[in-house]
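As the structure lists them, so they are numbered: ligands from 1, and atoms in each ligand from 1. Here the structure is a predicted model, which means the values were calculated and not measured.
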Amino acid sequence: MTYRIGVDAGGTKISAGLVAGNKLIRKIKIPTEQGKGRNQVIKNILKAISIVSRGIEKKEIGMIGIGLAGPVDSKNGILKVAPNIKGMQNLPVRKIVEKTSGIKTIVENDAKCVALAESRQFKCKNLIALTLGTGVGGGIIIDGKIYHGSNYAGELGHIVIDYRGYKCNCGNNGCLEEYCSGRGVERLAKKYFGKAIPPLEVQRMAEAGNKKAIQVYNEFGTYLGIGLADYVNIFNPEIIVIGGGIGRAWKLFLPNAIKEMKKRAFDVSSSTVKVVPSKLEVDEAGILGVASLD
Ligand SMILES: [Zn+2]
């Protein structure tokens with residue numbers, strides 16, 4: 001039996017899973033502890049790997065895949081910009097893990113890994129996956145493979161939907177990420193309720209029929225639809241999958257997003273694309289994707 005290990009290292013937690021074939025055998029979650037510095041984060045990544053592979057012989061493990069948020073130089077296994085884990089940029093993560101574990105290691109952007117997992121889940125080779133969470137991550141799958149461009153392609157959260165819009169962490173203005181993320185929901189809640197409300201609470205209110213909360217998600221959907229229209233025009237994907245923690249509220253915003261997308265995109269492409277919610281658990285998608293890299 002050959003196993004693979006998938007690690008999804010985020011700003012607050014590190015999820016790791018033991019994968020055989022396409023199946024997640026076991027998974028664990030430990031804190032990232034980024035406040036203790038990057039050495040501690042690396043230690044915790046190694047700890048997660050050792051916990052999840054307990055009882056398995058090293059020779060039975062084919063590879064370790066590590067997914068990180070931010071632009072990753074996957075050829076060299078280095079996170080180039082670390083928006084969510086402070087101090088991790090330019091750290092040779094692959095080299096360190098490979099040297100310590102003695103197992104072949106691949107490092108990739110987390111959202112690209114999710115896209116790969118979705119591509120397998122939906123058995124679809126031309127697909128776009130959007131992860132709506134703290135930020136907006138994205139991955140483009142073309143002919144069954146992650147599209148990298150020269151290296152860092154697929155920053156789908158950073159397309160501009162309002163050129164005079166909110167300042168984004170990336171330095172640009174009006175990126176989709178500022179509208180269709182957790183803070184996007186909070187901002188809209190402020191607009192409709194006059195105060196910031198956590199996204200999950202707004203979701204519950206909307207599901208219970210609160211009119212203002214429903215308006216929050218309608219407007220959220222409009223913004224998302226503007227972005228979707230661009231992806232559809234550029235990539236003409238068969239499927240766009242919406243995942244991530246904020247994406248769980250898809251019933252509230254997806255109808256409006258699809259309406260807006262159809263209004264804006266070329267009909268030849270928008271009439272065939274399927275925009276669907278992810279069927280995978282949020283952390284499962286990352287683990288399965290990163291463990292299927294080669
Ligand atoms: Zn941006």
Side-chain angles (χ1 to χ4, degrees), residues 8-12 34 67-74 78-90 107-115 128-141 146-191 196 198-199 216-217 219-235 237 240-247 249-250 253 257 260-261 264-265 275 278 282 285-286:
D8 190 3
T12 52
Q34 60 163 308
L68 300 168
V72 169
D73 171 356
S74 55
I78 298 170
L79 181 66
K80 295 305 283 185
V81 182
N84 296 331
I85 310 181
K86 275 186 198 119
M88 283 287 278
Q89 68 272 12
N90 291 320
V107 177
E108 181 57 278
N109 168 271
D110 57 353
K112 285 190 174 70
C113 298
V114 168
I128 280 178
L130 269 189
T131 308
L132 312 181
T134 313
V136 174
I140 303 156
I141 304 294
I146 294 174
Y147 177 69
H148 285 100
S150 301
N151 217 339
Y152 308 113
E155 289 295 341
L156 301 177
H158 299 277
I159 56 161
V160 174
I161 60 165
D162 178 0
Y163 78 97
R164 287 177 299 196
Y166 298 114
K167 187 92 187 156
C168 180
N169 288 340
C170 74
N172 204 344
N173 280 83
C175 292
L176 181 79
E177 174 163 297
E178 290 303 313
Y179 299 82
C180 296
S181 58
R183 63 180 173 278
V185 175
E186 275 169 27
R187 251 191 210 122
L188 285 168
K190 217 168 194 175
K191 176 179 164 184
V216 165
Y217 279 102
E219 191 167 335
F220 181 99
T222 302
Y223 295 135
L224 182 63
I226 297 170
L228 295 182
D230 288 347
Y231 307 145
V232 164
N233 280 343
I234 298 168
F235 297 105
I240 298 177
V241 188
I242 309 292
I246 299 295
W250 62 272
F253 63 74
E260 189 68 26
M261 173 200 77
R264 290 172 181 263
V275 186
S278 171
V282 173

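Among residues two or more places apart in sequence or in another chain, the side-chain contact (heavy atoms from CB on, under 4.5 Å) test is passed with Asn233 by Ala265, Phe266. Glu155 pairs by the side-chain contact (heavy atoms from CB on, under 4.5 Å) definition with Pro71, His158, not counting sequence neighbours. Take Glu219 and apply the salt bridge (charged side-chain N to carboxylate O under 4.0 Å, His left out) test, not counting sequence neighbours, and it matches Lys191.
Using a cut-off of 4.0 Å between Lys/Arg side-chain N and Asp/Glu carboxylate O, Arg187 and Glu178 are scored as salt-bridged. A salt bridge links Glu260 to Arg264: at least one charged side-chain nitrogen sits closer than 4.0 Å to a carboxylate oxygen.
When every heavy atom of Cys113 is checked against every heavy atom of Gly286, the shortest pair comes out as CB-O, 4.1 Å.
Near the Zn ion (ligand 1), less than 2.8 Å away, sit the protein N, O or S atoms His158 ND1, Cys168 SG, Cys170 SG, Cys175 SG.
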